[in-house]
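To keep things clear, I will list the structure first and then write my remarks on it.
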Amino acid sequence: MVPLSRTFLFGGDQTWTSSDDRVRGGSSYSSLTILPNNTVQFHGHLDITTLGGAGFASQRTADDLSWDLSDADGLELGIAGSDGKLYTLTLKDKLLPKRPDGREQSTISWEYNFQPEEKTNVRVTWEDLRATYRGREVEDAEPLDLKNIRRISIMIRSFFGRQEGDFSLDIASIGAFRSDLRDDPRTAHPD
């Protein structure tokens, strides 16, 4: 097993807010509830009827963040319980000013889909993330600016009718991880 260093990014002092398909006229909704065992539960209802098969619900960091994660190899989610549905971790390195109507402008997102069946750790390397714009993959995107991570989100979406209904995902932690083998001269690769 590869030794790892972890830096936990969340511990109760960050503010999260919903970003559901209601901003586009949908009916999905989500909440983030702190449980007695110091985990959070991302839960709600994913509706696919209002938008003709499409639907999404998400919780995202509300504060303007600026994390330098360039020394990490990726993020690790400690999953404490799951309903087995497909979820998406999303990162953003750019946020634009809000539109005149108060809605946010779309920017490139960096996404990773995961489907935990039980209590587990989901490890996502930077190479696992794919660039998307409004849910569609972007082939020629600039690399993710790891020195300036501005937002982290957890999302569930219908994948055009493949999943719907009530959902629940318990998250014990979100942290940056780094392989300690990077600094071990015994495992260094010669140039």
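Residue numbers start at 1 and run along the sequence shown.
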Practice task
Please round to the nearest 0.5 Å and tell me the distance separating atom CG of Asp20 and atom CE of Met155.
Solution key: 9.5 Å
Practice task
Take atom CG of Asp68 as the centre, draw a 6.0 Å sphere, and report whether it contains more than 12 heavy atoms from other residues, nucleotides or ligands.
Solution key: yes
Handout entry: Thr61 side-chain N/O to Ile152 backbone N/O, donor-acceptor pair under 3.5 Å
Key = yes
Practice task
Check whether more than 12 heavy atoms from other residues, nucleotides or ligands sit under 6.0 Å from atom CD of Glu118, and answer yes or no.
Solution key: no
Practice task
Flag yes if Leu77 and Leu86 sit in one hydrophobic cluster, no otherwise; membership is Ile, Leu, Val, Met, Phe, Trp, Tyr, and two members link when side-chain heavy atoms are under 4.5 Å apart.
Solution key: no
Handout entry: Asp170 side chain vs Ser82 backbone, donor-acceptor pair below 3.5 Å
Key = no
Practice task
Rounded to the nearest 0.5 Å, what's the gap from CG on Asp145 to NZ on Lys92? Could you check?
Solution key: 14.0 Å
Exercise for the section: Please examine the side chains of Asn113 and Arg130, heavy atoms only from C-beta on, and report whether any two atoms are closer than 4.5 Å. Expected result: yes
Problem - Which atom of Asp128 lies closest to which atom of Arg123, heavy atoms considered - result: OD2-O, 4.1 Å
Handout entry: Donor-acceptor contact below 3.5 Å, side chain Ser70 vs main chain Leu146
Key = no
Problem - Steps toward side-chain contact (heavy atoms from CB on, under 4.5 Å) verdict (Thr33, His43) - result: CA-CA 8 Å; Thr33 303; His43 60 100; 2.7 Å; yes
Handout entry: Side-chain heavy atoms of Asp71 within contact of Arg178, under 4.5 Å
Key = yes
Exercise for the section: Treating Ile, Leu, Val, Met, Phe, Trp and Tyr as nodes and any side-chain heavy-atom pair under 4.5 angstrom as an edge, say whether Leu91 and Val138 lie in one connected cluster. Expected result: yes
Handout entry: Over all atoms of both residues, closest heavy-atom pair of Leu65 and Arg150
Key = O-NE, 2.7 Å
Practice task
Would you check if the side chain of Gln59 reaches a backbone N or O of Ser30 as a donor-acceptor pair within less than 3.5 Å?
Solution key: yes
Handout entry: Distance in Å, Asp83 CG paired with Gln163 CD, rounded so as to fall on 0.5 Å steps
Key = 8.0 Å
Handout entry: Crowding at CD, Gln105 (>12 non-hydrogen neighbours, <6.0 Å)
Key = yes
Handout entry: ILVMFWY network linking Tyr133 to Leu144, side-chain heavy atoms under 4.5 angstrom
Key = yes
Exercise for the section: Please confirm whether the backbone N or O of Thr125 pairs with a side-chain atom of Asp73, one donor and one acceptor, at under 3.5 Å? Expected result: no
Handout entry: Connected via hydrophobic side-chain network under 4.5 Å: Tyr29 and Phe56
Key = no
Exercise for the section: Specify the closest pair of heavy atoms between Asp21 and Ser27, including all atoms of both residues, with the distance to one decimal. Expected result: OD1-N, 3.2 Å
Handout entry: Phe114 side chain near Leu169 side chain, heavy-atom distance below 4.5 Å
Key = yes
Problem - Smallest separation among heavy atoms of Thr50 and Gly25, with atom names - result: CG2-O, 3.2 Å
Exercise for the section: Could you tell me whether the side chain of Arg22 and the main chain of Ser28 form a donor-acceptor pair under 3.5 Å? Expected result: yes
Fill in the blank from the handout: Of all heavy-atom pairs linking Gln41 and Ser168, the shortest is NE2-OG, 3.1 Å
Problem - Option from Val122, Thr90, Thr88 for which side-chain contact (heavy atoms from CB on, under 4.5 Å) with Tyr112 holds - result: Val122
Handout entry: Atom pair OG/CD of Ser153 and Glu111 - distance to nearest 0.5 Å
Key = 9.0 Å
Handout entry: Donor-acceptor under 3.5 Å (Ser58 side chain, Ser19 main chain)
Key = yes
Handout entry: Trp110 side chain to Pro143 backbone, donor-acceptor under 3.5 Å
Key = no
Fill in the blank from the handout: Output for pair (Glu142 CD, Ile108 CD1), nearest 0.5 Å, gives 9.0 Å
Handout entry: Side chain to side chain, Leu75 and Leu69, heavy atoms closer than 4.5 Å
Key = yes
Problem - Ile48 reachable from Leu51 in the ILVMFWY side-chain graph, under 4.5 Å edges - result: no
Handout entry: Pairs meeting criterion ring-ring contact (aromatic ring centres under 6.0 Å, His included) with involvement of residues 142-176, two or more places apart
Key = Phe42-Phe167
Problem - Closest heavy-atom pair and its distance - Gln115, Lys85 - result: CG-O, 3.5 Å
